[in-house]
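Data first, discussion second: the structure below is written as structure tokens.
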Amino acid sequence: MSSDPVANLIRIIEERRDDLVELTRALIRFPTVNPPGEGYRPCAEFVGERLRERGFEIHYIHAAGTPGDDERHPRINVIARRAGMGAGPCVHFNSHIDVVQSGAGWTLDPFAAVVKDGRVYGRGACDMKGGLAASIIAVEALLDCGERWPGTLEISGTVDEESGGFGGVHYLAERGWFSPPRVDHVIIPEPLNVDRVCIGHRGVWWAEIETHGRMAHGSMPFLGDCAVRHMHAVVDRFERDLYPKLAARRTEMPVVPSGARQSTLNINSIHGGLAEMPGYPSPLVPDSCRMVIDRRLLIEEDLDSVKDEVRELLDQLARDRTGFRYTLRDIFEVRPTMADRNGPVSRSAASAIRHVLGRDAEFVCSPGTYDQKHIDRVGKLRDCIAYGPGILDLAHQPDEYVVIEDMVNSAKVMALAARSLLHGIA
Ligand SMILES: [Zn+2]
């Protein structure tokens, strides 16, 4: 073994390329589809038992009573912890083990974990079992590199990220598993590309707007009041007043892709009128129309003001338009989060990327959210980033894959970053 610990780490990970591939494949073969939350326990136990053999203390945490938790689909999380020699910080790698439905359009079996052309294919390969496998290989290399290290290493496999994280990181953060002094630095191996450090994400507000009308026979619409026409007025106000305002609101957050570097609002759906049966369209003037909006907010925006902006637009319509009545319901909300790009975990990851890939890391923010929100807002731990091998654009797609070379490189980056954090040299 060389006397240079960094060279040793890199060589060990290089030698474990096959182990990394096989570990990724084994993880993909657990069809941990969410919803409903299939196969969480065996997948968590697979991770836990592998790390137990390496001297980790293993905790299985059942998030009882959280959404979707029942006897058939228990929400089982795993946290593995191993102390080094002497006092020092705790570096934690957090991956979600759940995956989204495979959906249509696959040319390969989504859970067969096929290896082809230097890639591993399968649902979750990119988002984010390849990242979980890379973090396990990185940590095992730290144990085997012959160097004593201070502090503590943790790896977690958590559930339900794809449905908001309430049975996973949110549940654990509420119970202190993600708070200092237990944990000091967190790396989440989400797919943000192998040369990027993701320091945060935009916020979300999902809401339902319902316009109300009065039912009548379709041949005499003047006797009723059409809720769909009222909804049209809402869309029209969005087009004329709201969208230009949102487009003008730019952010300091380095969100990728750059189109998301502003406030956005998507209209997810509109449902108006009576439910139809095949061949029997509704013959009535609709008395209700519902729209679901997905508003993404910036670190510079305040959630209450974001809601007020929409409510004021609707109130203005109520003043301007005869018969306009509405209901506004919150569905889901997440505040934006952004770590300091000069904080220890960002700096250590960036310098490891420079060392391993020979180029400067790009600092980015994610257009959508992931579990960092719970670690920041609930766990009160700010020094958290996402860094992993997957290619962002492939997440949730058919024929999802992870590039083996990217996994090897990201495992090196994770090992080097963790080492410098443990030794306090970040
Ligand atoms: Zn993910």
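- The shortest distance between side-chain heavy atoms of L421 and V345 falls below 4.5 Å.
- With contacts defined as side-chain heavy-atom distances shorter than 4.5 Å, the pair V204/E333 does not qualify.
- Classification of E301 and R295 as a salt-bridged pair holds, one side-chain N sitting under 4.0 Å from a carboxylate O.
- Counting heavy atoms from C-beta on, the side chains of T251 and I299 come closer than 4.5 Å.
- Judged by the 6.0 Å and 45° rule, R182 forms no cation-pi pair with F178.
- Counting heavy-atom neighbours within 6.0 Å of R72 CZ, excluding the residue itself, gives a total of 12 or less.
- The residues E14 and R11 are annotated as not salt-bridged, no charged nitrogen and carboxylate oxygen being separated by less than 4.0 angstrom.
- Taking a 6.0 Å sphere around CD of E252, one finds it holds 12 or fewer heavy atoms contributed by other residues, nucleotides or ligands.
- Side chains of N94 and T158: a donor-acceptor N/O pair is present below 3.5 angstrom, by distance only.
- Tested against R75 for a side-chain hydrogen bond (donor to acceptor under 3.5 Å, both in side chains), the candidates T66, D70, D69, D160 yield a single pass: D160.
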### Task
Evaluate salt bridge (charged side-chain N to carboxylate O under 4.0 Å, His left out) for R311 paired with D315, printing each intermediate quantity in order.
CA-CA 6 Å; R311 197 173 291 115; D315 287 341; over 6 Å; no
### Message
Quick one, Y387 with R196, criterion side chain to side chain contact (heavy atoms under 4.5 Å, CB included). Give me CA distance, side-chain angles, the key distance, then yes/no.
### Response
CA-CA 7 Å; Y387 170 75; R196 284 169 168 177; 5.9 Å; no
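- Residues V256 and R261 meet the side-chain proximity criterion, which asks for heavy atoms closer than 4.5 Å.
- A donor atom on one side chain and an acceptor atom on the other are not found under 3.5 Å apart for H96 and D371.
- The line from CG of N8 to SG of C145 is 6.5 Å long, rounded to the nearest 0.5 Å.
- Judged by distance alone, with hydrogens and angles left aside, the side-chain atoms of D294 form no donor-acceptor pair with the main-chain N or O of L265 at under 3.5 Å.
- Judged by distance alone, the side chain of D330 and the main-chain N or O of F332 form no donor-acceptor pair under 3.5 Å.
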### Task
Run the numbers on I188 and C384 for side chain to side chain contact (heavy atoms under 4.5 Å, CB included), then give the verdict.
CA-CA 8 Å; I188 303 177; C384 174; 3.8 Å; yes
### Message
side chain to side chain donor-acceptor pair (under 3.5 Å), that's the test. Do S95 and K129 meet it? Break it down for me.
### Response
CA-CA 8 Å; S95 296; K129 287 172 170 173; over 6 Å; no
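- Side-chain contact annotation: E210 with S288, donor-acceptor N/O pair under 3.5 Å present.
- Side-chain contact between Y326 and L317 is absent, with no heavy-atom pair separated by less than 4.5 Å.
- K245 and S263 form no side-chain donor-acceptor contact under 3.5 Å, judged by distance and modelled atom types alone.
- Side-chain N or O atoms of S346 include none that pairs as donor or acceptor with a backbone N or O of N342 at under 3.5 Å.
- In the displayed structure, E53 atom CD is contacted under 6.0 Å by at most 12 heavy atoms of other residues, nucleotides or ligands.
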### Message
salt bridge (charged side-chain N to carboxylate O under 4.0 Å, His left out), that's the test. Do R335 and D302 meet it? Break it down for me.
### Response
CA-CA 8 Å; R335 288 183 163 76; D302 166 70; 5.9 Å; no
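- Within the model, atoms CG of D117 and CD1 of I404 stand 9.5 Å from one another, a figure rounded to the nearest 0.5 Å.
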### CA sep, side-chain torsions, deciding dist, call: R382, D340, salt bridge (charged side-chain N to carboxylate O under 4.0 Å, His left out)
CA-CA 8 Å; R382 298 300 312 282; D340 181 359; over 6 Å; no
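- How far CG of L314 is from CG of L328: 6.5 Å, rounded to the nearest 0.5 Å.
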### Message
Please determine whether salt bridge (charged side-chain N to carboxylate O under 4.0 Å, His left out) holds for the pair E309 and R249, giving the CA-CA distance in whole Å, both sets of side-chain angles, and the decisive distance to 0.1 Å.
### Response
CA-CA 13 Å; E309 186 172 45; R249 220 167 275 164; 2.6 Å; yes
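- In the model, D399 has no side-chain atom that pairs as donor or acceptor with a side-chain atom of W106 under 3.5 Å.
- Side-chain atoms of S179 come within 3.5 Å of backbone N or O of G379 as a donor-acceptor pair.
- Looking at N193, its side chain never comes within 3.5 Å of a backbone N or O of D195 through a donor-acceptor pair.
- Between the side chain of R202 and the main chain of L297, no donor-acceptor pair closer than 3.5 Å is present.
- With a 4.5 Å cut-off on side-chain heavy atoms, V334 and H201 count as touching.
- Annotation: side chain of R419 is in contact with side chain of E147 (closest heavy-atom distance under 4.5 Å).
- To the nearest 0.5 angstrom, E208 atom CD is 5.0 Å from R290 atom CZ.
- A salt bridge does not link R16 with D18: every distance from a Lys NZ or Arg NE/NH1/NH2 to an Asp or Glu carboxylate oxygen is 4.0 Å or more.
- Between the side chain of N77 and the backbone N or O of V159 there is at least one donor-acceptor pair closer than 3.5 Å.
- Here CG of L242 is found 11.5 Å from CZ of R237. Values are rounded to the nearest 0.5 Å.
- Residues Y171 and F166 keep their aromatic ring centres 6.0 Å or farther apart.
- Within a 6.0 Å radius of NE2 in H232, no more than 12 heavy atoms belonging to other residues, nucleotides or ligands are found.
- Not one N or O on the side chain of E400 forms a donor-acceptor pair closer than 3.5 Å with the backbone of A395.
- Side chains of E174 and H374: no donor on one and acceptor on the other come within 3.5 Å.
- The neighbour count for R229 CZ, taken as heavy atoms of other residues, nucleotides or ligands under 6.0 Å away, does not exceed 12.
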### Query
Under the side chain to side chain contact (heavy atoms under 4.5 Å, CB included) criterion, do I199 and V364 qualify, and how do the steps go?
CA-CA 6 Å; I199 54 177; V364 300; over 6 Å; no
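- Side chain to side chain, D98 and N34 meet the donor-acceptor criterion of an N or O pair below 3.5 Å.
- Taking the centre and axis of the six-membered ring of Y401, the NZ or CZ atom of R119 falls inside the cone set by 45° and 6.0 Å.
- Put simply, the side chain of E405 does not reach to within 4.5 Å of the side chain of V194, judged on heavy atoms.
- At least one donor-acceptor pair closer than 3.5 Å links the side chain of R123 to the backbone N or O of Q101.
- Separation of atoms NZ (K307) and CG (L303) is listed at 4.5 Å; rounding is to 0.5 Å.
- Shown are D383, L381, V91; of these, the side chain to side chain contact (heavy atoms under 4.5 Å, CB included) with V183 is made only by L381.
- Between E300 and R250, no side-chain nitrogen of the basic residue sits less than 4.0 Å from a carboxylate oxygen of the acidic one, so the salt-bridge criterion is not met.
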### side chain to side chain contact (heavy atoms under 4.5 Å, CB included) assessment of R54 paired with D144
CA-CA 10 Å; R54 299 306 317 266; D144 296 337; 2.5 Å; yes
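- With respect to D19 and R50, a salt bridge is recorded, a charged nitrogen being found less than 4.0 Å from a carboxylate O.
- Between the side chains of H59 and E57, at least one donor N or O sits under 3.5 Å from an acceptor N or O.
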